[in-house]
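Working notes, beginning with the structure itself.
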Amino acid sequence: MEIITILSIVFLSLCFSLTLKLFFFRPAHELPPGPPRFPVIGNIQWLKKNSFSDFQGVLRDLTARHGPIICLHVGSKPSIWVSDRFLAHEALVQNGSIFSDRPRAPPTTRVITADQHDIHSAFYGPLWRTLRRNLTSEILQPSRVRSHAPSRKWAFEILVELLKAEQKEKGQVSDVLGHLRHAMFCLLALMCFGEKLGREEIKEIEEAQYQMLMSYAKFSVLNIFPSVTKFLLRKKWRQFLNLRKSQEDVILRFVNDRRKDSGEVLCYADTLMGLEIPEEEKKRKLKGSEIVSLCSEFLNAGTDPTATAIQWIMANMVKYPEIQRKVYEEMKSVVGEKEMEEEDLSRLVYLKAVVLESLRRHPPGHYLSYHRATHDTVLGGLLVPRDGTINFMVGEMGRDPKVWEDPMEFKPERFIEKGEVQAYDMTGSREIKMMPFGAGRRICPGYGLALLHLEYFVANLVWRFEWKCLEGEEVDLSEKQQFITMVMKHPFRATIHPRNDNN
Ligand code: HEM
Ligand SMILES: *[C@@H]1O[C@H](CO)[C@@H](O)[C@H](O)[C@H]1NC(C)=O
Ligand SMILES: CC(=O)N[C@H]1CO[C@H](CO)[C@@H](O)[C@@H]1O
């Protein structure tokens with residue numbers, strides 16, 4: 001009988017306090033509007049009913065109905081979504097110090113990030129600042145990036161081999177994204193560990209990373225009532241922790257083996273070994289598991305979105321041969337008879353416009369990572385509570401007909417003015433028209449490197465091969481959410497033809 005009584009008391013007092021809260025303590029500002037909400041479970045049920053697989057469609061509907069800032073409830077926590085570029089600018093840029101924190105991560109993510117000791121999930125504060133500043137001032141610094149030119153060449157040749165092999169085997173290339181991911185991964189692994197790793201070694205790291213990535217979904221059940229699942233699902237927890245352990249073993253082996261004498265080119269792992277982070281007024285070196293999480297972040301952040309972006313660009317080049325031809329003709333006039341060099345990229349105006357147009361029309365991520373306000377605050381007249389998350393609808397912003405003429409058309413020319421690429425300010429410091437890399441203090445620190453990788457790989461792919469659509473087929477630009485990136489629902493297929501005049 002006791003259990004029943006206690007439960008009823010708990011339940012009744014919960015109801016009572018909820019009623020009190022609802023009717024008497026209304027805050028001065030209201031939460032943004034959203035779908036109907038049920039106590040405790042939030043409106044997850046509503047979302048399920050409205051097809052969770054099309055989250056983007058659901059958000060778009062809600063925005064059409066309720067306006068540019070809406071609120072969903074995940075459990076009891078408000079989750080706010082902003083589709084308006086002016087509000088995004090006000091929050092991320094003008095009031096960056098208020099909107100740059102991150103929420104507390106769920107338990108499994110805390111394991112994967114070594115208790116939020118990577119740049120991405122770190123709270124806004126001294127630890128985040130130290131980690132981020134070291135990345136941007138060392139590995140991502142322009143002269144160091146330039147010194148990795150041979151690494152890019154190496155990775156590109158890996159890509160060419162994969163493409164040629166598939167074409168030889170199947171008479172066409174169809175897994176372009178897979179090949180791009182692998183080549184990108186090789187490049188980032190090289191920048192991270194500082195040596196040309198062999199095929200087997202790369203495969204080993206790639207596999208460990210892949211397993212960890214899959215574990216987000218596979219073990220997400222552990223995050224529901226963690227105190228209960230820690231006990232009830234002990235076996236699943238152990239399985240998850242073992243997975244993390246093997247990832248740590250693999251990556252730490254490469255961190256410790258990194259070849260210091262491989263020349264003057266510093267690698268990311270080197271800087272992490274020397275780095276000191278602030279902790280409670282003191283400083284300390286990074287722990288092994290933290291180095292693993294930082295390397296892992298570097299590998300993932302630099303691989304997937306970049307590969308996805310190149311897939312979208314190449315899809316458009318296959319769909320619109322005229323655009324591909326223009327890129328090639330421009331290269332011919334800039335590069336001429338000599339071998340193509342990285343310095344040539346700076347003069348490829350049309351290529352740059354193609355890259356920008358693709359980032360607008362097909363940003364690899366249609367949302368940012370969750371941000372959190374440092375205190376309860378007001379945006380667009382509505383409450384943004386600290387006790388929740390706020391995110392921005394990147395995909396919608398790039399397609400806003402109020403900003404972009406014919407937004408669904410692929411028109412690189414819109415970025416060209418008087419033969420120059422419009423100085424498009426990726427950081428959005430004055431205004432935001434699109435934000436494939438975010439904006440403000442949490443803007444992607446790798447955006448310069450990412451743009452270089454996009455231009456370099458696309459230029460070389462077009463320079464080396466002519467890409468042709470399969471006879472009777474058309475490139476389908478439908479989208480599909482896959483983890484954090486938006487990929488092609490039906491990956492394009494093509495045949496590739498070596499360009500005789502430069503091979
Ligand atoms: C086309 C390629 C890329 C795209 C579209 C992209 C996009 C983004 C976006 C949207 C964010 C979240 C911003 C926010 O939450 O406000 C982000 C964060 C981040 N990106 Fe990228 N990224 C790309 C490539 C890279 C590369 C090459 C690196 C590093 C080598 C990198 C490292 C990071 C890191 C460390 C963060 C976390 C920043 C923080 O929280 O302070 N990204 N990126
Ligand atoms: C980054 O870390 C290295 C140690 O690995 C240190 O020598 C360097 O001064 C740091 N740079 C910045 C800007 O904090
Ligand atoms: C939400 C928020 O804090 N908005 C403020 C941002 O900064 C401007 C001035 O720069 C204020 O007027 C807003 O109230």
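Both counts, for ligands and for their atoms, begin at 1 and track the order of listing.
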Quiz prompt | Which residues share a side-chain contact (heavy atoms from CB on, under 4.5 Å) with Thr108, sequence neighbours left out | solution = Phe219, Leu222, Asn223, Trp237, Phe240
Quiz item: Under the salt bridge (Lys or Arg N to Asp or Glu O under 4.0 Å) test, which residues partner Glu138, sequence neighbours left out?
Solution: Arg144
Quiz item: Around atom CZ of Phe483, are there more than 12 heavy atoms of other residues, nucleotides or ligands at under 6.0 Å?
Solution: yes
Quiz item: So how far is it from Arg104 CZ to Gln116 CD, rounded to the nearest 0.5 Å?
Solution: 5.0 Å
Exercise. Report the C-alpha separation of Tyr456 and Trp463 in whole Å, then their side-chain angles, then the decisive distance to 0.1 Å, and conclude whether the ring-ring contact (aromatic ring centres under 6.0 Å, His included) test is met.
Key: CA-CA 10 Å; Tyr456 178 83; Trp463 190 235; over 10 Å; no
Quiz item: Hey, are Glu431 and Arg85 close enough for a salt bridge, meaning a charged N less than 4.0 Å from a carboxylate O?
Solution: yes
Quiz item: For ligand 2, which atoms sit closer than 4.0 Å to a heavy atom of Thr271?
Solution: 4 (C), 5 (O)
Quiz prompt | Interatomic distance, Trp81 atom CH2 to Phe55 atom CZ [nearest 0.5 angstrom] | solution = 4.0 Å
Quiz item: If you round to the nearest 0.5 Å, how far is CD of Glu455 from CD1 of Ile310?
Solution: 11.0 Å
Quiz item: Knowing that exactly one of Arg360, Lys411, Arg414 qualifies, which makes a salt bridge (Lys or Arg N to Asp or Glu O under 4.0 Å) with Asp406?
Solution: Lys411
For ligand 1, what N or O to protein N or O distances fall under 3.5 Å?
from, atom 1, to, atom 2, distance (Å)
ligand 1, 15 (O), Arg102, NH1, 3.0
ligand 1, 15 (O), Arg102, NH2, 3.0
ligand 1, 15 (O), Ser369, N, 3.3
ligand 1, 15 (O), His371, NE2, 3.2
ligand 1, 16 (O), His371, NE2, 2.7
ligand 1, 40 (O), Arg102, NH2, 2.8
ligand 1, 40 (O), Arg442, NH1, 2.9
ligand 1, 41 (O), Trp128, NE1, 2.8
ligand 1, 41 (O), Arg132, NH1, 2.9

Self-check item: Nitrogen or oxygen atoms of Arg133 and ligand 2 under 3.5 Å apart
Solution: no
Exercise. Over 60° means perpendicular and under 30° means parallel, so classify the ring planes of His362 and Trp312, tilted if in between.
Key: parallel
Self-check item: Residues in contact with ligand 3, criterion: heavy atom under 4.0 Å
Solution: Glu90, Asn95, Ile98, Phe99, Thr377, Val378
Practice problem: Have a look at ligand 2 and work out which part of Glu138, if any, has a heavy atom under 4.0 Å from it: side chain, backbone, both or neither. | Solution: side chain
Quiz prompt | Per-atom contacts of ligand 2 with Leu275, taking only distances under 4.0 Å to non-hydrogen atoms | solution = 1 (C), 2 (O), 4 (C), 5 (O)
Quiz item: Looking only at protein heavy atoms, which one is nearest to atom 13 (C) of ligand 2, and how far off is it?
Solution: Ser137 OG, 3.1 Å
Quiz item: Considering only the protein, which heavy-atom contact is closest to atom 4 (C) of ligand 2, and what is its distance?
Solution: Gly274 C, 3.5 Å
Quiz item: Do you know which of Ser215, Ser121, Ser293, Pro106 makes side chain to side chain contact (heavy atoms under 4.5 Å, CB included) with Ile112?
Solution: Ser215
Self-check item: Closest protein heavy atom to atom 3 (C) of ligand 2, given as residue, atom name and distance to 0.1 Å
Solution: Asn134 ND2, 3.7 Å
Quiz item: Only one of Arg181, Gln211, His182 forms a side-chain hydrogen bond (donor to acceptor under 3.5 Å, both in side chains) with Glu206, so which one is it?
Solution: His182
Quiz item: So, for atom 7 (O) of ligand 2, does the protein have a heavy atom nearer than 4.0 Å?
Solution: no
Quiz item: Parallel, tilted or perpendicular: which fits the ring planes of Tyr124 and Trp128, with parallel below 30° and perpendicular above 60°?
Solution: tilted
